Q: 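Could you have a look at this structure, given as structure tokens, before my questions?
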2 protein chains.
Amino acid sequence: MPVRPIPEATVARLPVYLRVLLEMAERGLKTVSSNGLAEATGVNPAKVRKDLSYLGTYGTRGVGYDVEYLTFQVRRVLGLEQIWPVAIVGAGNLGRALANHKGFAERGLRIVALLDSNSRRIGQKVGGLLIEPVEELDRVVKEREVAIAVIATPASVAQEIAERLVGAGVTSLLNFAPTLINVPAGVSVRSVDLAVELQILSYYEERRTAGRS
Amino acid sequence: MPVRPIPEATVARLPVYLRVLLEMAERGLKTVSSNGLAEATGVNPAKVRKDLSYLGTYGTRGVGYDVEYLTFQVRRVLGLEQIWPVAIVGAGNLGRALANHKGFAERGLRIVALLDSNSRRIGQKVGGLLIEPVEELDRVVKEREVAIAVIATPASVAQEIAERLVGAGVTSLLNFAPTLINVPAGVSVRSVDLAVELQILSYYEERRTAGRS
DNA sequence: AACTGTGAACGGGTTCACAGCC
DNA sequence: GGCTGTGAACCCGTTCACAGTT
């Protein structure tokens, strides 16, 4: 049990540590220092140490961290000892990209449903998964005990889908639609807007270019 | 010209303001208050005002902000008066999802190339765009004056692709591969790891569920 | 009265620097 | 000597609260 509460910023980096720890284990590395983790993640070494200190004191002074044991601890703290069943709503390119993605399994996630409203898509297979009609949302979420869902629909229906998901019992949403999702307290939402990411780059790009003739 | 430098956190929110401003203009809204923007973006009103104050003093006390004029200013600051030619490397589902995405144009971005190494994909058309061989990367970037590129390849080749992109003159990268990208100073990188996003949700989900029997 | 613009207070997160342990 | 763990200092971003403007 973590004694101190873990800061949000730290929580957001834990999955990155986990990713490189898994790589390191694969390469046969037994121990790793905060410097090693820093290089592999792009996070500064002091920050790595402070982040890991929130989980407990799992390092050995003069040596570093045991890769396997630290992996276990990070997994545990993130709640990734279990495999979360995830539903994806929207079987456009993005939804299919996610459904196809290998490597979720190793990272504690399994896509158990891919729903769409377009009848021409329903029945198609994507990465071993059948596209099902969005009308089945409620039943699917309940039967497959989905707690985390991905919204990969057009913005125009995203809010409505979010409400149906929450109504069915989903309490975590990852939203790719370019629109704000309102949810009741107690439900988490993370949003990724691809155009926004590119537009942020545009700002810095503009500064670089500005002044050239 | 902005007098004060604009904080990173503010820059990251400007595209979101832009998005809702465009929606509001579409709905015929002439002016909007910081409260209105706050509701539509999920950002708190004081933060909205402070953010916008970095661009200049474009509001009217007692009234709010002129939607059209503010849109123009946000666009200008973000460097989105021009349309940036963007290249995508990797024509898997994710690359194709991006290439297909409508609404980039309105938001100052145009996908001008979609490159892949798989010969079976080359020559296919995606959203009016031809998939071209990655060998052409250097030529394509130079000829089409690409400054911003998207990496949608497997992690194993992402660093190599990044280096080729930078070598060809790209100075902003949006990376979807689950791996750290090292670039020389003066190049911007933003990374989006879809599994990481889900794993962050897992943490909060776990806390919610913990203690249930 | 409504709403912006902003100093000032606050809080969280980052980084430093070093004591403590192997 | 090498590396962790952490108080303390610092920095950035957020929020408050109100003076200023229409």
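Quantities reported herein were computed from a predicted structural model and do not represent experimental measurements. Just so you know, these numbers use all the heavy atoms, side chains as well, and skip hydrogens, waters and symmetry mates. So you know, we letter chains A, B, ... as the sequences are listed, proteins then strands, and number each from 1.
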Q: Which protein N or O atoms sit under 3.5 Å from an N or O of nucleotides 18-22 of chain C?
A:
residue	atom	partner	partner atom	Å
C:dG20	N3	A:R61	NH1	3.0
C:dC22	O4'	A:R61	O	3.2

Q: Rounded to whole angstroms, how far apart are NZ on A:K47 and C1' on C:dG12?
A: 12 Å
Q: Within the distance-only criterion (no hydrogens, no angle test), does the side chain of A:R96 pair as donor or acceptor with the backbone N or O of A:A91 below 3.5 angstrom?
A: yes
Q: How long is the straight-line distance from CG of B:L180 back to CG of B:D193, given to the nearest 0.5 Å?
A: 11.5 Å
Q: May I have the distance from B:N35 (atom CG) to C:dA2 (atom P), rounded to whole angstrom?
A: 12 Å
Q: Main chain of A:A195, side chain of B:R107: is a donor-acceptor contact present, judged purely on distance under 3.5 Å?
A: no
Q: Report the distance from atom CG of B:L115 to atom OG1 of B:T153, rounding to the nearest 0.5 Å.
A: 11.5 Å
Q: Can you check the A:L37 CG to D:dT4 C1' distance for me, whole Å?
A: 12 Å
Q: Please check the phosphate of C:dA2 (OP1 and OP2 only) for any side-chain N or O of B:Y65 closer than 4.0 Å.
A: no
Q: When you look at CD of B:E81, are more than 12 heavy atoms from neighbouring residues, nucleotides or ligands closer to it than 6.0 Å?
A: yes
Q: Please state how far atom OH in B:Y58 lies from atom P in C:dG5, giving the value in whole angstrom units.
A: 11 Å
Q: Going by an N to O cut-off under 4.0 Å, is there a salt bridge joining A:D138 and A:K142?
A: yes
Q: So, B:R27 and B:E23, do they make that salt bridge, N to O below 4.0 Å?
A: no
Q: Could you state the atom-to-atom distance from CG of B:L55 to P of C:dT4 in whole Å?
A: 14 Å
Q: If I take atom NZ in residue B:K50 and atom C1' in nucleotide D:dA17, what distance separates them, rounded to the nearest angstrom?
A: 12 Å
Q: For residues A:S188 and B:E205, is any side-chain donor paired with an opposing acceptor at under 3.5 Å?
A: no
Q: Which of these nucleotides, D:dT15, C:dG5, C:dG13, is closest to any side-chain atom of B:S53?
A: C:dG5
Q: Looking at DNA chain C, which of residues 16-34 of chain B put a heavy atom within less than 4.0 Å of it?
A: B:S33, B:S34
Q: With a 4.0 Å cut-off on heavy atoms, is A:N44 in touch with a base, just the backbone sugar-phosphate, or nothing at all?
A: sugar-phosphate
Q: What is the minimum heavy-atom distance between B:F176 and B:L98, and which atoms define it?
A: CE1-CD1, 3.9 Å
Q: Rounding to an integer number of Å, can you tell me how far B:E39 CD sits from C:dC3 P?
A: 12 Å
Q: Return the value, rounded to whole Å, for the distance between atom CD of B:E8 and atom P of D:dT14.
A: 11 Å
Q: Hey, which sits more toward the 5' end of DNA chain C by its nearest nucleotide, A:A9 or B:A46?
A: B:A46
